[in-house]
Every structure is written in C-alpha cells, then in structure tokens.
Amino acid sequence: GDSVTQMEGPVTLSEEAFLTINCTYTATGYPSLFWYVQYPGEGLQLLLKATKADDKGSNKGFEATYRKETTSFHLEKGSVQVSDSAVYFCALSVDGGFKTIFGAGTRLFVKA
Amino acid sequence: NAGVMQNPRHLVRRRGQEARLRCSPMKGHSHVYWYRQLPEEGLKFMVYLQKENIIDESGMPKERFSAEFPKEGPSILRIQQVVRGDSAAYFCASSPPRGGAGNEQFFGPGTRLTVL
C-alpha cells in the first residue's frame, strides 16, 4: 500500500546550520507530496507542496523537490532559526487529495 | 475566513465516561478527517467523512469510537467508556469538495483528551 517514511528524530541543530530531513514514499499512481509543520501545542500547517516530478516546493526558506526516480521529497533549509523548532511531517495524497498519508514526523530542535 | 475550529481544546474525563469532540470545518469544505496523535508519536488516520456519510473508517477502533458529520452542525467524534489509553490529541482536518493534485487538508488546533 501507499506509505511515507521519514528520518527519525529528534534532530538537534545550532542556529544557522543546514537542515535536511529525508522523506521517501511508495505509492501506486502519481501522488502529490507535502510537508506539514506542527509547532508546540498547535495543529498541523501546510509548509510546502509539489504535485509533479521535478517540481520544487518552497516556503519560508524551506525547499523540497519531487524526485520520482528516487521516490523522495527531502526537506532542506540553508540556515535554521530557533523559531523553526517544531515537528515536520512528510505526506502524500492520492485520489484527488481525499486520502492523505502522513509520515511519523521528525522533531527538530534548534539551539541558539 | 475562520479556519477549522475544534472544541473543547482540552477535555478531562474519568475512566468509563463519554468524550465528545466537535469539529467545524472551514467554510465551503464538505470533507472532514479525524486523526489521533499519541504523545511523542505521529498522526494516525481515524476516519474520513462527508456530510451524512462515512467514507473511510479504516483507522477507527472497532469498539467505543464513532463519528458523524450531520447535514447541519459540526462533525462529532464520540468515545464511549473512555480508558487511559485514549488520552491523546485528536485533530480534525477539512478539505474542499473538489479534489485534484495538491489538494491539501486544513487542520484545526486539536482537542487534548486526558483520561484520569
């Protein structure tokens, strides 16, 4: 079945460090891919998305590229801030977006 | 535009009581999803509803849990005879009636259920 696998956390970085959170997927058909972020005590918010191969989603300095050949959608940011501390979820959707499958989440801690 | 609203934000119940969680989707959204998040764990899909219909309840426990999305009013997730293991954050999400590539879900702030 369809699934998402993302790297286990927690990930701890110093401010201004480079961030990569790996995400790979398996899916029948042609899914859309998403990264959601969850700040402490809040619900999930969409961070970025990509709907077809080689698309790059970007927002707030975060980027991810839809790689069909490696079935990956890794999240990157060149210089993290303390305010980026949160849990990041990789997700895919099929069936016109009415079924979304989430990864287990990766907790990021950024130290000042 | 108001976002997805959930209430209560925090709910405390004793073992054996009933918990009733409410979710009002975003205006114009007719699809509602419920997820459960246990402490330090990821998001687990529970159920997907449209107005007056349960579309997919493959993630719902077979007993004590039920969900509805009536023609009028919010979606309700009901947990009967709660046990300590039901303590979790329950999130509701909604999406618009038209799907398509990139159709995202919009999440509410969650209800944090604590069972004493």
Side-chain angles (χ1 to χ4, degrees), chain A residues 1-10 21 23 27 29-53 55-59 64 66 68 73 86-107 109, chain B residues 2-7 9-10 21 23-26 29-51 53-59 69 88-112 114:
Chain A
D2 302 330
S3 66
V4 175
T5 302
Q6 58 183 108
M7 64 190 284
E8 284 191 30
I21 300 178
C23 171
Y30 214 162
S32 295
L33 301 174
F34 305 82
W35 277 100
Y36 285 82
V37 59
Q38 183 181 30
Y39 297 103
E42 298 183 12
L44 278 68
Q45 306 171 23
L46 181 68
L47 180 60
L48 54 84
K49 67 182 180 184
T51 59
K52 59 183 188 296
D55 263 6
K56 179 186 282 188
S58 61
N59 185 25
Y66 190 142
K68 190 166 186 282
F73 193 54
V87 181
Y88 293 82
F89 291 90
C90 185
L92 67 83
S93 77
V94 294
D95 295 339
F98 296 130
K99 181 171 184 176
T100 300
I101 295 165
F102 289 86
T106 302
R107 184 176 295 276
F109 291 108
Chain B
V4 177
M5 301 203 313
Q6 291 188 247
N7 68 82
R9 293 293 307 274
H10 299 273
L21 289 60
C23 169
S24 296
M26 283 183 72
H29 286 191
S30 56
H31 299 260
V32 165
Y33 314 80
W34 285 94
Y35 296 87
R36 177 164 63 177
Q37 186 176 38
L38 294 168
E40 302 303 317
E41 292 191 17
L43 218 59
K44 300 296 184 190
F45 168 78
M46 299 181 75
V47 62
Y48 160 35
L49 310 105
Q50 295 179 25
K51 287 279 186 184
N53 278 310
I54 297 174
I55 307 301
D56 182 348
E57 56 181 349
S58 58
F69 188 16
Y90 292 83
F91 290 96
C92 169
S94 71
S95 66
R98 285 206 195 94
N103 196 40
E104 69 184 88
Q105 294 183 7
F106 295 80
F107 281 80
T111 294
R112 278 151 185 83
T114 302

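Naming convention: chains lettered A, B, ... in sequence-line order (proteins, then strands); numbering from 1 in each chain.
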Tell me every residue that passes side chain to side chain donor-acceptor pair (under 3.5 Å) with [X], counting only those two or more places apart in sequence or in another chain.
{"X": "B/Gln6", "value": "none"}
{"X": "A/Trp35", "value": "none"}
{"X": "B/Lys44", "value": "none"}

Atom OG in A/Ser32, atom CG in B/Asn103: separation rounded to 0.5 Å? 8.5 Å
Separation between OG1 of A/Thr100 and OH of B/Tyr33, rounded to the nearest 0.5 Å: 6.5 Å
Decide if atom NZ of B/Lys51 counts as having more than 12 heavy atoms of other residues, nucleotides or ligands within a radius under 6.0 Å. yes
Measuring heavy-atom distances to chain A, does B/Phe91 have an atom under 4.5 Å in its side chain, in its backbone, in both, or in neither? side chain
Given a strict heavy-atom distance threshold of 4.5 Å, which part of B/Phe106 is in contact with chain A: side chain, backbone, both, or neither? neither
For chain B, find its close neighbours in residues 1-9 of chain A: heavy-atom separation under 4.5 Å, sorted by number, or none. none
Steps toward side chain to side chain contact (heavy atoms under 4.5 Å, CB included) verdict (A/Tyr36, B/Glu104): CA-CA 10 Å; A/Tyr36 285 82; B/Glu104 69 184 88; 3.8 Å; yes
Using the side chain to side chain contact (heavy atoms under 4.5 Å, CB included) rule, take B/Gln37 and A/Phe102 through it: C-alpha gap first, then chi angles, then the decisive distance, then the call. CA-CA 12 Å; B/Gln37 186 176 38; A/Phe102 289 86; over 6 Å; no
Sort A/Gln38 into side chain, backbone, both or neither according to what part of it lies under 4.5 angstrom from a heavy atom of chain B. side chain
